[in-house]
Amino acid sequence: MGKLMPAAVLAAVAALTVGCTSSEGDTPDTRHKSSPSSSTQSPTPGRAEHVAGESVTKAPVLPDGRVVAEAANAVGNREMDIKGGLKAGPLSVMVNCQGEGELTVRVEPAGLRFPLKCVAGEVSSTYNQLNLKHTRTRGTVNVTAPPSVRWAITVGR
């Protein structure tokens, strides 16, 4: 993490080793943003925690890397091209959502897929990183979400 980030954001990133799937030998390094350890609130099973200051009205800020796709204040399904395709090395995906339902993010053709359970009244957040072994000339990020969910996403490398 070469760039300086606000302490609250850095404190909010914790390792999680399950939750996404991948094919073609790429290695997921799933990270889950959670509340700072001083919080007494327990996470709801099966969903990311609320992170103070996160929003769906602007694209999340990655802790590191160059942005290759992003969207903010989105509703429903969307497919986005990854600028420059998929390059060998780390690919990061940060998603925020709000509203009742579950969204699913897929990165193709890498085979990364992960869900995020969203709730009304607060923003749920997750951060995933995939170490790609192969360069692909084209890549897409697909978000599938019900109309009741607003979301924002940033993809970077």
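Any value given below was found using the heavy atoms of this structure, including those in side chains, with hydrogens, waters and symmetry copies removed. All values reported here derive from a predicted model rather than from experimental measurement.
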- The reported gap from CZ in Arg150 to SG in Cys97 (rounded to nearest 0.5 angstrom) is 11.0 Å
- Task: Please tell me if the side chains of Ser125 and Met94 come closer than 4.5 Å, counting only heavy atoms from C-beta onward.
- Result: no
- What are the two closest heavy atoms between Ala72 and Ala59, and how far apart are they? CB-N, 3.5 Å
- Might you point out which heavy atoms bring Gly121 and Gln98 nearest each other, and give the distance in Å? C-NE2, 3.6 Å
- Can you name the closest pair of heavy atoms from Pro90 and Gln129 and give their distance? CB-NE2, 3.6 Å
Show the atom names and distances, to 0.1 Å, of all donor-acceptor pairs under 3.5 Å that link a side chain in residues 74-85 to residues at least two apart or in another chain.
from	atom 1	to	atom 2	distance (Å)
Asn77	OD1	Ala145	N	2.9
Asp81	OD1	Arg138	NH2	2.9

- On a heavy-atom basis, the closest approach of Ala110 and Leu132 is CB-CD2, 3.6 Å
- Query: Say you draw a straight line from NZ of Lys117 to CD of Glu100; how long is it, rounded to the nearest 0.5 Å?
  - Reply: 7.0 Å
- Message: If you define the side chain from C-beta out and look only at heavy atoms, does anything of Leu103 sit under 4.5 Å from Val95?
- Response: yes
- Could you please spell out the steps behind the side-chain contact (heavy atoms from CB on, under 4.5 Å) verdict for Val107 and Leu130? CA-CA 10 Å; Val107 178; Leu130 178 69; 5.5 Å; no
- Item | Taking every non-hydrogen atom, the tightest pair across Val149 and Gly99 | CG2-O, 3.8 Å
- Query: Is there a side-chain contact between Phe114 and Val93 (heavy atoms, below 4.5 Å)?
  - Reply: yes
- Query: Judged by atom type as modelled, is there a donor-acceptor pair below 3.5 Å linking the side chain of Arg106 to the main-chain atoms of Thr104?
  - Reply: no
- Note on the structure: Value for OG1 (Thr154) from NZ (Lys58), rounded to nearest 0.5 Å, stands at 10.5 Å
- Message: What's the separation between atom CG in Asn142 and atom CG in Leu112, rounded to the nearest 0.5 Å?
- Response: 11.0 Å
- Query: So which heavy atom on Leu86 is nearest to which on Pro109, and how close?
  - Reply: CD1-CD, 3.7 Å
- Considering only heavy atoms from C-beta outward, does the side chain of Asn96 approach that of Ser55 to under 4.5 Å? no
